[in-house]
Amino acid sequence: MNKESARVLSLYNPITCTCLSEKSFNPLFGKLSTFIQQALIMFSRDLLDRQIRRRLAENTNVHFLEGGTVTGLLANSSRAEVAGVSVRFRDRHNPGNINEENLNADLVVDASGKVSQTPKWLKKLGYEPPPETVINAFVGYATRIYECSGKFSDTAPVFVSTAPPFRTRGGAIFPIEGDRWLVTLGGGDRDYPPADEAGFVEFARSLPTPIIYDAIKDAEAIAPVYSYRGTENRLRHYERLRRYPENLLIVGHAVCAFNPVYGQGMTVAALDAQMLDECLLHQRQRYPEGNLTGLARQFQQKLAKLHAIPWTFAISQDSRYRLSEGAKPNLATRLTIDYMDLVLKVLVGDAKVCQAFLEVLHLIESPAVLFHPRIAVKAIGQLVSNGQKVEGTRQN
């Protein structure tokens with residue numbers, strides 16, 4: 001978890017954020033810790049889910065309905081408003097015992113992730129499903145948990161980045177609670193890391209630096225290798241629909257799903273929740289009696305603007321892979337990609353540029369900071385430097 005997602009979580013659930021900080025590994029940013037003030041809180045997904053669920057369960061206004069699957073949307077007689085959801089409940093003690101139930105609601109929020117069925121449900125109500133933009137670089141990753149060996153206590157986490165289209169493999173080591181390492185290996189252009197033990201270690205050895213391989217080759221693995229390949233970027237354009245029902249909000253990956261290797265999902269989800277809170281407060285100020293008219297469309301339009309920056313970053317990276325499929329970047333995006341290549345070359349040896357890049361990556365600052373003259377001059381200077389090197393090579 002980065003600083004921005006932790007900030008939003010602390011606004012709505014400060015005790016959970018404190019518990020995560022106490023139980024997790026909380027260094028500065030990897031090997032750059034001597035000059036990068038970009039704090040990370042690192043922990044397993046199990047710890048995060050457990051802490052949030054426990055805190056929510058203590059709230060008397062929150063009720064969990066377990067064993068249920070939402071099967072569709074309910075609407076009023078004119079189908080202009082969503083009025084709830086239909087749910088199929090399965091008895092956990094007798095799986096053959098299935099009960100269908102309608103749950104009425106003033107407001108329905110779809111936070112079901114990239115498997116969201118809302119496009120299909122809207123079509124059943126007579127609405128057009130949202131147009132979609134999909135970019136797939138065929139990136140896959142595999143993860144395994146190891147006991148810490150103590151090799152990187154001063155410099156963890158460790159990152160070995162990809163550099164498509166020329167270098168498609170990368171990896172990382174994240175220290176998590178319980179003195180454990182979460183080790184992730186990834187590859188694009190269908191160059192997937194294997195899910196077997198020998199193949200996983202061999203993939204680590206193939207990386208351009210041996211730092212991850214050296215760490216895990218003799219480390220004790222305490223979990224199987226888990227692999228995942230559904231990493232396509234998918235943007236559903238609900239804000240473009242001519243007709244959209246009242247009382248239905250779609251958030252998180254149900255609207256905008258990113259390639260998870262860039263680590264933006266948690267931050268964007270937190271910012272989505274913050275925007276939902278702000279929109280609801282504004283709606284209540286406008287209609288003290290509780291009228292929700294206009295909220296749904298306004299929220300989806302604002303959300304689309306919020307997602308624009310992380311979406312552009314994700315697709316600008318994935319479009320570099322040779323086998324990438326989907327919408328191609330326009331001229332402005334291609335120019336941005338070329339400029340970011342120059343910024344990446346600068347940040348390797350410039351602490352301030354590196355910090356600015358990380359703050360943009362994690363949505364703390366606007367991308368505009370990377371175009372500030374103090375950074376732009378250094379980035380464009382790379383062109384001059386590269387040109388001089390090429391000319392010198394020719395003369396030799």
Side-chain angles (χ1 to χ4, degrees), residues 1-3 5-6 9-10 13 15-33 36 38-55 139-162 169-187 192-207 209-229 231 259-267 269-270 358 362:
M1 176 184 290
N2 64 43
K3 187 161 58 179
S5 50
L9 179 59
S10 67
N13 211 330
I15 297 180
T16 293
C17 199
T18 300
C19 290
L20 289 173
S21 298
E22 291 174 349
K23 296 182 180 181
S24 61
F25 188 90
N26 190 5
L28 296 179
F29 199 88
K31 283 194 167 184
L32 307 175
S33 61
I36 297 299
Q38 173 70 33
L40 292 179
I41 305 173
M42 286 172 283
F43 44 78
S44 67
R45 178 62 182 268
D46 289 342
L47 176 61
L48 174 66
D49 291 348
R50 187 166 61 250
Q51 291 291 337
I52 290 180
R53 183 181 177 87
R54 182 178 63 83
R55 290 295 300 161
V139 173
Y141 62 89
T143 298
R144 195 173 201 188
I145 295 177
Y146 291 83
E147 292 281 2
C148 286
S149 68
K151 291 185 177 181
F152 301 111
S153 59
D154 295 328
T155 59
V158 172
F159 295 92
V160 178
S161 64
T162 60
R169 295 185 174 189
I173 297 177
F174 300 97
I176 59 175
E177 74 279 359
D179 293 323
R180 298 176 297 166
W181 282 341
L182 189 150
V183 179
T184 297
L185 304 176
Y192 303 126
D196 63 282
E197 180 173 1
F200 186 84
V201 175
E202 185 61 30
F203 192 96
R205 190 169 70 165
S206 74
L207 298 180
T209 171
I211 189 169
I212 294 180
Y213 171 74
D214 289 343
I216 68 173
K217 64 180 180 179
D218 298 319
E220 181 182 354
I222 55 177
V225 178
Y226 294 98
S227 63
Y228 184 74
R229 298 179 182 179
T231 60
N259 183 340
V261 301
Y262 301 124
Q264 297 177 302
M266 190 180 300
T267 302
L358 292 173
H362 294 297

(Q) Is the distance between the ring centroids of F159 and F174 under 6.0 Å? (A)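 They qualify: ring centres under 6.0 Å apart.
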Q | E197 atom CD: more than 12 heavy-atom contacts under 6.0 Å | A |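 No, the 6.0 Å shell around CD holds no more than 12 heavy atoms from other groups.
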(Q) Taking CG in D196 as the centre, count heavy atoms belonging to other residues, nucleotides or ligands within less than 6.0 Å. Is the count above 12? (A)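 More than 12 heavy atoms, drawn from other residues, nucleotides or ligands, come within 6.0 Å of this atom.
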Q | Ion pair R50/D46, N-O distance below 4.0 Å | A |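 Salt bridge absent between R50 and D46.
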Q.
With side-chain contact (heavy atoms from CB on, under 4.5 Å) as the test, pick out the partner of R144 among T184, V201, L185, V225.
A.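 The option that passes is V225.
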Q: May I ask you to decide if S44's main-chain N or O and E177's side chain share a donor-acceptor pair within less than 3.5 Å?
A: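 Yes, E177 side chain to S44 backbone: donor-acceptor pair under 3.5 Å.
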Q. Do the side chain of S227 and the main chain of A195 share a donor and acceptor less than 3.5 angstrom apart?
A.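 Not confirmed, S227 side chain does not pair with A195 backbone.
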From [X] [atom1] over to [Y] [atom2], what is the distance, rounded to the nearest 0.5 angstrom?
{"X": "T231", "Y": "N259", "atom1": "OG1", "atom2": "CG", "result": "4.5 Å"}
{"X": "L182", "Y": "F43", "atom1": "CG", "atom2": "CZ", "result": "11.5 Å"}
{"X": "I52", "Y": "L48", "atom1": "CD1", "atom2": "CG", "result": "4.0 Å"}
{"X": "R205", "Y": "L207", "atom1": "CZ", "atom2": "CG", "result": "11.5 Å"}
{"X": "E220", "Y": "D218", "atom1": "CD", "atom2": "CG", "result": "12.0 Å"}
{"X": "I222", "Y": "W181", "atom1": "CD1", "atom2": "CH2", "result": "11.5 Å"}

Over all atoms of both residues, closest heavy-atom pair of [X] and [Y]:
{"X": "S206", "Y": "R169", "answer": "OG-NH1, 2.6 Å"}
{"X": "P194", "Y": "A142", "answer": "O-CB, 4.0 Å"}
{"X": "I212", "Y": "G171", "answer": "CD1-C, 3.4 Å"}
{"X": "Y141", "Y": "P260", "answer": "CE2-CG, 3.6 Å"}

